[in-house]
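Report on the following structure.
We number each residue from 1, following the sequence as shown. Reckoned from all heavy atoms, side chains included, excluding hydrogens, waters and symmetry mates.
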Amino acid sequence: MLTAAVATAQSPADNVKFKKVTSPVTSSSTTGNPANQFYHAQFTGAAWGDVNNDGYPDLFYSDRNIHISNSTLQVNLYYNNGNGTFKRGGKGRLKGTAFSAPVWIDFDGDGRIDLLVAGLDDYGYRWRDADTDLSKIGAHLYRNVSTGSTGAVTFEEVSGHGIRPLYNGNTGGKAHNWIAVGDYDNDGYPDIAMTGFDEAARYDSDEPIEAVRAVYLYRNNGDGTFELQQTPLDGTARFHGLTDGSVVLEDIDGDGYLDLLSTGYGATRTSEIHLYWNNGDGTFTEHADSFHPVTNASSTVADLNGDGLPDLIFAGHYLNNNSKNFYICKNLGDRKFEMLPPDRFEGSDGTQIAVGDVNNDGLADILVGGHFRNHEHTTLIHINKGNFEFDAYGAHYDDQFNKKGHFSRITHGSHHLVDADRDGNLDAWFSGWSNGDCSNGCSTELWLNSGAEKGQAANTPPSAPSALSASADAGNGTVTFTWTAPDDDTTPAAALRYNLFLRDSATGKMRYTLPADIATGYIRVADTHGAIRRCQYTMQIPADGNYQWGVQAIDAANQGGAFATSDLEIAGVGTITTDEAVVTVEGGEGHIRIAAPDGSTASIYTASGVMTSHVTVMQSASVNVVPGIYIVTVDTESGTSTHKVAVR
């Protein structure tokens, strides 16, 4: 617990170690900026993702750099060299944006992650009644077009995308996860949730002196445009409008649909938290019970005790009395929660949070940077001991944990856990308001995980899932995929999450939960919120055709394992299932070949439902039939699978 004294010798924090990279950038301008360092920034978000598909995470963020200018906005795109260092890239068509929340999103399913950046296009923006220049608020969607021979990416800005410009405050201390990406309607295209001020709607407000606070949900139309959902709350109303908070899309109740968690403050200037349950039909219903509200910080969701139920993590201050808070609500299942005693953690505001297993014990840890007791900067990791008990590693403002020198004290910006050098261990990256060496009070730093020096084992990815099965409901235009959980070195099976892709064999177009390299299993984005939380998923299928699908497991360190894959044909003839991990059914010239465990039985039907053969399978069987379409059911000890085959 954070309130405890110095960690004991048996503490999980004893095998945690990070080392600051002294020269993380191999190629950058030194004009006004420290040499070989990331450009400094104070109050902005950042996004990690493999933008050039070379298997290493790259970095984007945008804000002013006061070493160079108090007003000019910098575009910071760093390409990973593959060894823990980075090369600064040119900005191309990317625009500078302040107080932003960038996210990587493959919105068009072409296998290349694109970039969404929203915020202020002018650092000095202020509302000036009718003279306000609303063009200074931006929502920029950039399509990833191509990668050159040097690894640099060409972007083009997408026009007419339908996303309204928002910003989430223009002072420090706000959340920087105020845009979330996830497939809330299970059609394979990533959708968008946003919170913040909608200044353009101010003119239509009954209270024109107040900016309109919003929580917007956009459905991806699959054609490069997004549609604002006007009445997502029970089909009759909008979500409660908030700003200076955060949004998360996550399957919190485990029903296979992403729910929405939002924090911040509303028009009444009180802190609020709202949890919306996804009804599976495009609408949401609000959670009936209330939470202790917070604002001016990031809040998030993570499975902290490995039971497969994501818990709620809240940080920030309560506007009604300015008290600082940091607390956890344990997920009890059945949409019920238990608030843990808030004195387990010291309260903070301006807090930025990242979650992941940093010491490879199978439990998710919590990276925190914020203003603590005396409004002092603190950056630390709550090291998970299990059963919601934590020890601390990091840079506390009064050094009460005797860990001085571990991390710089940075807050109000961005805190990320990402395997920057791809060694299987999560590294830490910070950018923000610094209490340290920088005379301008800002810093941007990379700290590599060096736990191996203290006996920490490297994380290995989960094994591939097995027993893949897909059941198509042609009438509803959906397919339900199921699989069996694999093994992992440390993460409990119940705590594994999953990523699923569906590839159109004719066009190559991809639909997936998270963008990933299907050959290697590498997940191309560091933020794995929105992943599947059970061994079943139902996806909308747009049309008949031949598809390949696959599923991979994701462990507590956000590392993806190898994909297990299978083929699927949708032809509108009823329910079709495949289980290629156990059974294979192939159609050839004048015959059907069946491979299955000894003692299995197979029944062969015409497309109209007439049974033509029933055979016992001893490893394999071949049945002669006339050309046509056949449905084959195979009974094994593990169950029944159904297959559609064509015979020439």
**Lys/Arg-Asp/Glu bridge criterion (N-O < 4.0 Å) met for Lys509, Asp504** = no
**Asked** Under a 4.0 Å N-O cut-off, is there an ion pair linking Asp187 with Arg219?
**Response** yes
**Request:** Quickly, which of Val16, Leu304, Asp391, Asn384 forms a side-chain contact (heavy atoms from CB on, under 4.5 Å) with Asp365? Name it, please.
**Result:** Asn384
**Message:** If only side-chain N and O atoms count, and only distance matters, is there a donor-acceptor pair under 3.5 Å linking Tyr537 with Asn186?
**Reply:** yes
**Request:** Grab the two heavy atoms, one from Leu258 and one from Asp183, that are nearest each other, plus how far apart they are.
**Result:** CD1-N, 3.4 Å
**Item:** Main-chain N/O of Pro461 paired to Asp555 side chain as donor or acceptor, under 3.5 Å
**Value:** no
**Prompt:** Are a donor atom and an acceptor atom from the side chains of Asn459 and Asp357 found within less than 3.5 Å of each other?
**Reply:** no
**Prompt:** Among side-chain atoms of Arg524 and Asn53, is any donor-acceptor pair under 3.5 angstrom?
**Reply:** yes
**Message:** Does the structure place the NZ or CZ of Arg422 under 6.0 Å from the centre of the six-membered ring of Tyr522, at an angle of no more than 45° from the ring's axis?
**Reply:** yes
**Message:** Just verifying a value: how many Å separate Tyr218 OH and Gln229 CD, rounded to the nearest 0.5 Å?
**Reply:** 10.5 Å
**Item:** Parallel, tilted or perpendicular, as decided by the 30° and 60° cut-offs, for the rings of Phe337 and His287
**Value:** perpendicular
**Message:** Donor-acceptor pair, distance only, cut-off 3.5 Å: does the side chain of Asn80 make one with the backbone of Asp58?
**Reply:** no
**Item:** Heavy-atom side-chain contact between Tyr393 and Val358 under 4.5 Å
**Value:** no
**Item:** Gap between atom OH of Tyr498 and atom CD1 of Ile554 - 0.5 Å precision
**Value:** 10.0 Å
**salt bridge (charged side-chain N to carboxylate O under 4.0 Å, His left out) against Asp108, all qualifying residues, sequence neighbours excluded** = Arg143
**Side-chain (Asp185) to main-chain (Gly282) donor-acceptor, under 3.5 angstrom** = no
**Prompt:** If every non-hydrogen atom of Pro486 is compared with every non-hydrogen atom of Ala464, which pair is closest and at what distance?
**Reply:** CB-O, 3.4 Å
**Asked** Backbone N or O of Gly451 within a donor-acceptor pair of the Asn359 side chain at under 3.5 Å?
**Response** no
**Request:** Could you pull out the closest heavy-atom pair between Phe314 and Cys329, with the gap in Å?
**Result:** CE1-SG, 4.0 Å
**Asked** Does any non-hydrogen side-chain atom of Leu261 lie less than 4.5 Å from one of Val301?
**Response** yes
**Asked** Taking the six-membered ring for Trp, are Phe563 and Trp483 ring centroids under 6.0 Å apart?
**Response** no
**Asked** Taking only residues two or more places apart in sequence or in another chain, which ones pass salt bridge (charged side-chain N to carboxylate O under 4.0 Å, His left out) with Arg497?
**Response** none
**Request:** Answer yes or no: is there a donor N or O on one side and an acceptor on the other, between the side chain of Asp419 and the main chain of Leu426, under 3.5 Å?
**Result:** no
**Item:** Pair Asn360, Thr490: side-chain N/O donor-acceptor within cut-off below 3.5 Å
**Value:** no
